[in-house]
Amino acid sequence: MTQQAHVFDGVPGPLLEALRSLARTAQLTVALDFDGVLAPLVDRPNDARSDPRSLQAISDLVLLSGTTVALVSGRSLESLRAVSGSPDGVLLIGSHGAEYDLGEGRAGIALTAEEKRALTELERAITSVASRHPESRVESKPAGIALHTRGMDPDAASATQRDASHTVGASVLGVTQRAGKDVVEFSVVTATKGEAMQRLRLHTTATAMLYAGDDVTDEDAFAALEPGDVSVKVGAGATAALHRLHGTAEVAQMLRVLASDRRNHLLGA
Ligand SMILES: [Mg+2]
């Protein structure tokens, strides 16, 4: 009983309070990372699926007036659309903010000739790295490549990531690198989830936003939040977020609480 006084099915009291006040905002935007937040982490990215309880809460939220839901992922838009199972009306942002589907047609990436050349060189470099580390997995994206090391022995994983950094750094110009959980990623365009959140705020005319993420790249999104917004780090690790949840099951609970608070507010209950 003492636990339950502070925690509602894994959602801590201070977060419940923050959700209650967020639910009362005029124009609410709920932005969510996908992997590790909606979907449990899996070894093969194509196997990832949203927790059905989170999908249900998202379906409830998108039907409410003055309420927008967006997924903000490092995945390509195509991959995010394929695995997320998100209902109609959910906005999708892929490639850390380099690709958008904001419900008015897809905004793809138009690479310059220089970026296209860099992408070709990047593909060549990563292919050679992957051939030296056969357990690693290459994921091609419209503006870059990710090299996944999940499931590998930790020493082999760091050796693979070092090899990738070194090989790309030595042979390709104009590439930015970012490291995440069991992944190192190279991009020929610069985009961050922070920029994605700023664009989302303008696009949805949000008066308050929620962002939940589990990885290093999500810190850019947390940093772009403003007073009155709600930031939720999922899982362990240093963060600028003000709230923390244990995992995807608790995220589902949080979304259920928010959908219910929001509906009650809109009904004047
Ligand atoms: Mg994630």
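Note that ligands are numbered from 1 as they come in the structure, with each ligand's atoms numbered from 1 the same way. Note that these values count all heavy atoms, side chains included, but never hydrogens, waters or copies made by symmetry.
Checking Arg244 against Thr239 by side-chain atom types alone, no donor-acceptor pair falls below 3.5 Å. Counting only N and O atoms by type, the side chains of Asp218 and Tyr211 include a donor and acceptor under 3.5 Å apart. Checked by atom type, the side-chain pair Glu123/Ser140 shows no donor-acceptor distance below 3.5 Å.
Among the heteroatoms counted here (N, O or S) of Asp33, OD2 is the one nearest to the Mg ion (ligand 1). Among heteroatoms of the N, O or S kind in Asp35, O lies nearest the Mg ion (ligand 1). The name of the N, O or S atom in Asp214 nearest to the Mg ion (ligand 1) is OD1.
The pair Arg201-Glu226 meets the salt-bridge criterion, with a side-chain N (NZ, NE, NH1 or NH2) lying under 4.0 Å from an Asp/Glu carboxylate O.
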